[in-house]
Amino acid sequence: MSETTKFLLTERDIPESWLNIQPNLPQPLPPVLHPGTHQPIGPADLAPLFPMQLIMQEVSQDEAIPIPEEIRDIYKLWRPTPLMRARRLEKALDTPAHIYYKYEGVSPSGSHKLNTAVPQAYYNKQEGMQGLTTETGAGQWGTALSIACAMFQMECHVYMVKISYQQKPARAALIRTYGAEVYASPTDRTNAGRGILAEDPDSPGSLGIAISEAVEAAVTSGGKYKYSLGSVLNHVLMHQTVIGQEALKQMELAGEYPDIVIGCIGGGSNFGGIALPFIKENLTQGKNTRIVAVEPASCPSLTKGIYTYDFGDTAHMAPIVKMHTLGHTFVPPKIHAGGLRYHGMAPLISALYDQGIIEARAVRQSDLFEGALLFARTEGIIPAPEPSHALRATIDEALKCRESGEQKVILFNLCGHGHFDLSAYDSYLSGNLEDYEYPAEKIEEALHHLPQI
Ligand SMILES: *Cc1c(COP(=O)(O)O)cnc(C)c1O
């Protein structure tokens with residue numbers, strides 16, 4: 001029994017605070033602008049959308065925000081999550097590299113998203129909200145928020161992108177099982193939805209449209225509902241830092257320190273969750289870990305987008321933020337990694353990339369599943385298509401080590417399992433997986449519609 005495979009912590013090791021990287025940034029984040037006036041906004045402007053505690057977290061300059069005991073108690077249902085050494089994958093790759101993964105698929109929702117859904121529901125409950133509105137693309141976020149709302153006896157109204165609703169009826173059923181209402185967006189419940197339907201009654205919907213509907217439903221609810229976002233915002237990334245804080249301790253148990261930390265990026269929250277604590281070590285403790293964000297080649301906001309002010313949604317209801325964007329009118333190709341189909345990127349991750357603190361690379365869908373299958377057949381876990389991007393980059397780094405003979409330590413975030421994505425595996429296994437080229441023309445078109453700031 002010389003080879004340890006799982007590095008486990010106890011419930012007492014669940015982090016006591018969320019880590020806030022803002023005070024450690026070499027340059028502060030640019031201001032957030034009002035979608036109507038284009039002027040910097042303050043807490044009062046955001047109050048119709050979010051509870052004050054979350055707004056204060058969004059702009060906080062404190063290095064750590066204590067996690068309320070009630071939330072730590074709920075975290076115990078799945079945290080601390082395991083850190084695994086992928087010894088069998090290493091053998092299959094014949095690499096001298098040491099590969100570790102943090103496994104967030106053990107949460108009841110099957111992904112990291114519950115880490116922020118619980119605190120978001122908690123602070124809204126504290127402020128007396130009756131319920132929350134939100135959007136969901138592939139369904140992971142809607143599932144997580146519906147679980148969190150059920151735990152706090154709150155209503156949950158989920159605007160689900162119509163095409164996913166139609167293609168993945170099981171996901172909508174899952175969300176309803178936890179007690180939420182699910183609507184196929186665009187709906188006729190909001191002005192934003194009715195406007196889209198008037199132009200195109202067969203609109204398949206998009207994340208940008210669903211966000212507009214959920215925001216409108218909250219701000220017109222007469223104070224009964226607020227809005228909840230599953231990624232992108234500073235407070236969301238901060239809640240996810242429980243992942244990286246645990247991983248730091250677990251790497252210590254393993255007696256190693258990562259040379260490379262890798263995560264997939266859609267809006268940036270699971271990547272921020274694993275990476276920010278290691279970025280803090282780089283910035284303040286003289287550590288020198290490479291931090292790599294991996295995105296789909298068909299929705300390449302960091303590697304091909306531009307760093308500028310843009311809207312977070314289609315109907316211009318959400319604030320304007322400075323981020324790497326493909327343009328808010330860009331509708332990405334329908335890849336299986338639905339969680340990575342967003343036109344923009346978290347302002348915090350965009351700033352880190354702009355300041356040269358992190359690296360980014362893009363991976364094509366056809367290159368993912370070979371690695372995902374190898375992982376399933378060696379480690380036994382079927383990875384979701386989203387973290388299979390991080391896995392692909394991890395395998396590529398490990399293969400480079402095979403060439404060079406270097407024994408690098410690589411850590412990646414396996415942020416969710418793929419049990420709800422078996423139709424994607426089915427397509428791959430039956431040779432029907434489509435690949436999408438980098439949609440250069442559509443992106444260029446979309447970039448014409450950026451707001452003039
Ligand atoms: C939502 C989701 C993502 C993408 O969102 P991020 O905010 O970038 O983390 C990636 N993987 C899984 C499994 C997801 O559910």
Side-chain angles (χ1 to χ4, degrees), residues 78 81 101-117 120 134-147 158 160-161 164 168 171 174-175 207 210-211 228-244 262-276 292-296 299-302 312 323-324 332 335-350 352-353 358 360 362-363 368 372 375 381-393 412-422 424:
W78 70 98
T81 61
Y101 61 94
K102 182 74 167 151
Y103 185 43
E104 291 295 307
V106 294
S107 95
S109 70
S111 80
H112 65 288
K113 290 207 169 71
L114 206 51
N115 298 328
T116 184
Q120 291 196 43
T134 196
E135 72 289 331
T136 197
Q140 293 108 328
W141 170 241
T143 305
L145 193 67
S146 62
I147 295 174
V158 180
M160 184 169 184
V161 176
S164 331
K168 299 177 173 169
R171 295 274 180 103
L174 186 62
I175 297 172
L207 214 46
I211 294 175
S228 182
L229 188 62
S231 187
V232 178
L233 300 175
N234 300 333
H235 66 264
V236 180
L237 273 57
M238 196 169 75
H239 297 157
Q240 296 294 353
T241 59
V242 291
I243 303 173
I262 303 178
C264 69
I265 38 168
S269 77
N270 89 85
F271 172 76
I274 189 123
L276 289 170
V292 183
V294 190
E295 62 187 5
C299 189
S301 34
L302 274 189
M323 61 180 172
H324 285 80
I335 51 169
H336 289 291
L340 306 185
R341 291 178 68 236
Y342 181 60
H343 68 270
M345 181 48 59
L348 187 51
I349 302 300
S350 296
L352 290 168
Y353 186 58
I358 62 170
V363 169
L368 293 183
F375 192 83
I381 296 172
I382 297 177
E386 292 88 353
S388 297
H389 288 71
L391 170 63
R392 178 73 248 177
F412 80 96
N413 194 17
L414 182 52
C415 61
H417 65 64
H419 297 177
F420 304 127
D421 301 285
L422 290 172

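Just so you know, ligand 1 is whichever comes first in the structure, and atom 1 is the first atom listed for that ligand. All values derive from a computational prediction rather than experimental measurement.
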Has ligand 1 got any nitrogen or oxygen that is less than 3.5 angstrom from a nitrogen or oxygen of L340?
no
Under 4.0 Å from any heavy atom of S231, which atoms of ligand 1 are there?
6 (P), 7 (O)
Close side-chain approach of W78 and P108, heavy atoms under 4.5 Å:
yes
By number and element, which atoms of ligand 1 are closer than 4.0 Å to a non-hydrogen atom of N270?
6 (P), 8 (O), 9 (O), 10 (C)
Would a distance-only check, ignoring hydrogens and angles, find a side-chain to backbone donor-acceptor pair under 3.5 Å from N413 to N270?
yes
Among all protein heavy atoms in this structure, tell me which lies nearest to atom 15 (O) of ligand 1, with the distance rounded to 0.1 Å.
K113 NZ, 2.5 Å
Answer yes or no: is there a side-chain heavy-atom contact under 4.5 Å between M323 and H343?
yes
In terms of atom number and element, which parts of ligand 1 are under 4.0 angstrom from non-hydrogen atoms of S111?
13 (C), 15 (O)
Ligand 1 versus I265, non-hydrogen atoms closer than 4.0 Å: side chain, backbone, both, neither?
backbone
Is the backbone of E104 close enough, under 3.5 Å, to the side chain of T81 for a donor and an acceptor to pair up by distance?
no
Any donor and acceptor pair, going by atom type alone, linking the side chain of Q240 with main-chain N or O of H112 inside 3.5 Å?
yes
I need the atoms of ligand 1 closer than 4.0 Å to a non-hydrogen atom of C415, numbered in the order shown.
10 (C), 11 (N), 12 (C), 13 (C)
For G266, the atoms of ligand 1 under 4.0 Å from one of its heavy atoms are 8 (O)
Test of proximity, G268 against ligand 1: N or O pairs below 3.5 Å:
yes
So, the side chain of E295 versus the backbone of S301: is there a donor-acceptor pair under 3.5 Å, distance only?
yes
Note: ligand 1 atoms sitting under 4.0 Å from heavy atoms of Q140 are 14 (C), 15 (O)
Any donor-acceptor N or O pair under 3.5 Å, side chains Q140, S111:
no
Closer than 4.0 angstrom: is that true for some heavy atom of E104 and an atom of ligand 1?
no
Specify the protein heavy atom at minimum distance from atom 10 (C) of ligand 1: its residue, its atom name, and the distance to 0.1 Å.
E386 CB, 3.4 Å
Main chain of S228, side chain of Q120: is a donor-acceptor contact present, judged purely on distance under 3.5 Å?
no
Keeping K102 on the side-chain end and G244 on the backbone end, is there a donor-acceptor pair under 3.5 Å?
no
For atom 5 (O) of ligand 1, which protein heavy atom lies nearest, and how many Å away is it?
G339 O, 3.8 Å
